[in-house]
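Comments concern the structure below.
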Amino acid sequence: MEGTGTFIQQKKQYHLQPNDIFCLFPQVIHEYYCDPQQPIKKLILAFDGKQALATLARLGLTPEHPHMPNRVVDRTISAFLNLIHQHQQALARLHGMYAIFQSLELPTPLVLQQDLTLDWLDKGKQLIEHHFSELITIEEIATSVGIERTHFSKMFRKTYGTSPVNYLLQLRMQEAQLLLLHTNYTIAEIARAVGYQDISSFSKAFKKRLGISPIEYRTNGKKEQTS
């Protein structure tokens with residue numbers, strides 16, 4: 001709202017000024033500094049949930065792009081203050097939060113606003129990163145960037161050292177591990193949150209990847225945390 005400063009995440013620096021938005025993503029090292037001559041006055045909204053990343057992406061915020069300049073409008077401030085001062089019941093507060101998100105939502109999806117010089121392979125990789133928690137296939141990704149699936153997979157492996165299927169699975173399993181250790185979501189809820197329609201297919205993929213079942217992973221992790 002006021003002041004200036006510097007936001008640093010993943011070794012990238014972003015200049016902060018009034019009407020900017022930026023996100024402190026979990027499990028990502030970050031820091032920010034205020035200009036002593038122009039101290040920052042800011043509004044902070046903390047939230048979590050299975051749709052958190054997807055919601056943030058609609059605002060233009062991802063772990064790779066955690067800062068958006070000049071996004072706040074008067075409607076954002078009004079919605080925020082209204083949430084603080086008026087909404088007391090759970091459903092009313094939820095509605096108030098979505099009013100904030102709606103005021104910040106981009107007119108077109110983030111992926112369409114990327115630099116037009118970005119090649120189709122980078123776009124495909126970003127689509128996987130942004131939508132790995134959804135019921136999406138590599139064929140759909142390839143189609144979205146206008147490339148035949150076999151060629152897309154071949155070039156992806158050549159460029160990034162792994163297949164797009166394996167990369168998709170890697171992202172899903174990393175997210176599943178975090179949810180298993182740091183939330184109380186059921187296995188079924190976690191399965192749906194990382195792009196699986198049922199527990200069976202999720203558990204099979206998880207065990208094949210990590211060598212133990214999701215339940216065993218959660219149990220062992222909780223023991224380590226308390227020991």
Item to check | Test side-chain contact (heavy atoms from CB on, under 4.5 Å) applied to Lys42 and Leu16, step by step | outcome: CA-CA 11 Å; Lys42 57 189 180 296; Leu16 299 178; over 6 Å; no

Item to check | Partner residues of Phe101 under the ring pair (Phe, Tyr, Trp, His ring centres under 6.0 Å) criterion, sequence neighbours left out | outcome: Phe47, Tyr98

Checklist entry - Can a donor-acceptor pair be found between the side chains of Ser163 and Asn166 at a distance below 3.5 Å? => result no

Item to check | Hphob cluster co-occupancy, Val145 + Val165, side-chain heavy atoms under 4.5 angstrom | outcome: yes

Checklist entry - Do Gln102 and Leu104 touch side chain to side chain, with heavy atoms closer than 4.5 Å? => result no

Item to check | Point-to-point distance, once rounded to the nearest 0.5 Å, from CG of Leu179 to CG of Asn184 | outcome: 11.0 Å

Checklist entry - After noting the C-alpha distance and the side-chain angles of Thr219 and Glu216, does the key distance pass the side-chain hydrogen bond (donor to acceptor under 3.5 Å, both in side chains) rule? => result CA-CA 5 Å; Thr219 301; Glu216 290 173 322; over 6 Å; no

Next on the checklist: Is the shortest side-chain heavy-atom distance between Leu43 and Thr76 below 4.5 Å?
Outcome noted: no

Item to check | Transitive ILVMFWY side-chain link Phe202 to Leu181, under 4.5 Å | outcome: yes

Checklist entry - How far does CG of Leu45 sit from CD1 of Ile100, to the nearest 0.5 angstrom? => result 5.0 Å

Checklist entry - With a 4.0 Å cut-off, would you call Glu139 and Arg149 a salt bridge? => result no

Checklist entry - How many angstroms lie between atom CZ of Arg218 and atom CD of Gln177, to the nearest 0.5 angstrom? => result 12.5 Å

Next on the checklist: Using 0.5 Å steps for rounding, measure from the NE2 atom of His30 to the CG atom of Leu24.
Outcome noted: 4.0 Å

Checklist entry - Which side chain to side chain donor-acceptor pair (under 3.5 Å) pairs, counting each pair once, include a residue from residues 14-26, with sequence neighbours left out? => result Asp20-His67

Checklist outcome for this item: Scanning both residues in full, the closest heavy-atom pair of Ile187 with Ser203 reads CG2-OG, 4.5 Å

Checklist entry - Does CD in Glu31 sit with more than 12 non-hydrogen atoms of other residues, nucleotides or ligands closer than 6.0 Å? => result yes

Next on the checklist: Side chains of Glu148 and His151: any donor to acceptor distance under 3.5 Å?
Outcome noted: no

Item to check | Results of side-chain contact (heavy atoms from CB on, under 4.5 Å) for Leu171 - residues two or more places apart only | outcome: Ile128, Glu129, Phe132, Tyr167, Gln174

Next on the checklist: side-chain contact (heavy atoms from CB on, under 4.5 Å) for Gln9 and Tyr32? Distances and angles first, verdict last.
Outcome noted: CA-CA 9 Å; Gln9 181 166 290; Tyr32 62 94; over 6 Å; no

Checklist entry - Going from CG on Leu135 to CD on Glu140, what distance comes out if it is rounded to the nearest 0.5 angstrom? => result 9.0 Å

Checklist entry - Are Met97 and Phe22 joined in one hydrophobic group, where the rule is that I, L, V, M, F, W and Y side chains link up if heavy atoms are under 4.5 Å apart? => result no

Item to check | Sub-4.5 Å side-chain heavy-atom contact between Gln170 and Arg209 | outcome: yes

Checklist entry - Which atoms form the tightest heavy-atom contact between Gly124 and Ile141, and what is the distance? => result O-CG2, 3.7 Å

Checklist entry - Would you say Ile215 has more than 12 foreign heavy atoms packed within less than 6.0 Å of its CD1? => result no

Next on the checklist: Under the criterion side-chain contact (heavy atoms from CB on, under 4.5 Å), I'd like the reasoning laid out for Phe206 against Leu180: C-alpha separation, chi angles, the key distance, then a yes or no.
Outcome noted: CA-CA 12 Å; Phe206 190 95; Leu180 285 166; 3.7 Å; yes

Next on the checklist: Could you tell me if the side chain of Ile190 sits less than 4.5 Å from the side chain of Tyr196, heavy atoms only?
Outcome noted: no

Next on the checklist: Give me the atom names and distance for the closest heavy-atom approach of Glu134 to Arg172.
Outcome noted: O-NH2, 2.9 Å

Next on the checklist: I'd like to know if Phe80 and Val73 are part of one continuous hydrophobic network [Ile/Leu/Val/Met/Phe/Trp/Tyr, side-chain heavy atoms within less than 4.5 Å].
Outcome noted: no

Checklist entry - Got a second to check how far Ile136's CD1 is from Leu127's CG, nearest 0.5 Å? => result 6.5 Å

Next on the checklist: Let me check something: do Phe7 and Leu61 share a hydrophobic cluster, defined by ILVMFWY side-chain heavy atoms less than 4.5 Å apart, either directly or through other members?
Outcome noted: no

Checklist entry - Between His130 and Thr62, is any pair of side-chain heavy atoms under 4.5 Å apart? => result yes

Checklist entry - Does a side-chain heavy-atom distance below 4.5 Å link Ile77 with Val72? => result yes

Checklist entry - Within 45° of the ring axis of Tyr160 and under 6.0 Å from its six-membered ring centre, is that where the NZ or CZ of Lys125 lies? => result yes

Next on the checklist: I need the minimum non-hydrogen distance between Ile138 and Ser153, along with the two atoms involved.
Outcome noted: CG2-OG, 4.1 Å

Checklist outcome for this item: Residues Leu56 and Cys23: closest non-hydrogen pair is CD1-SG, 3.8 Å

Item to check | Stepwise side-chain contact (heavy atoms from CB on, under 4.5 Å) test for Thr183 and Glu189 | outcome: CA-CA 11 Å; Thr183 76; Glu189 288 174 329; over 6 Å; no

Checklist outcome for this item: On a heavy-atom basis, the closest approach of Ile21 and Leu59 is CD1-O, 4.3 Å

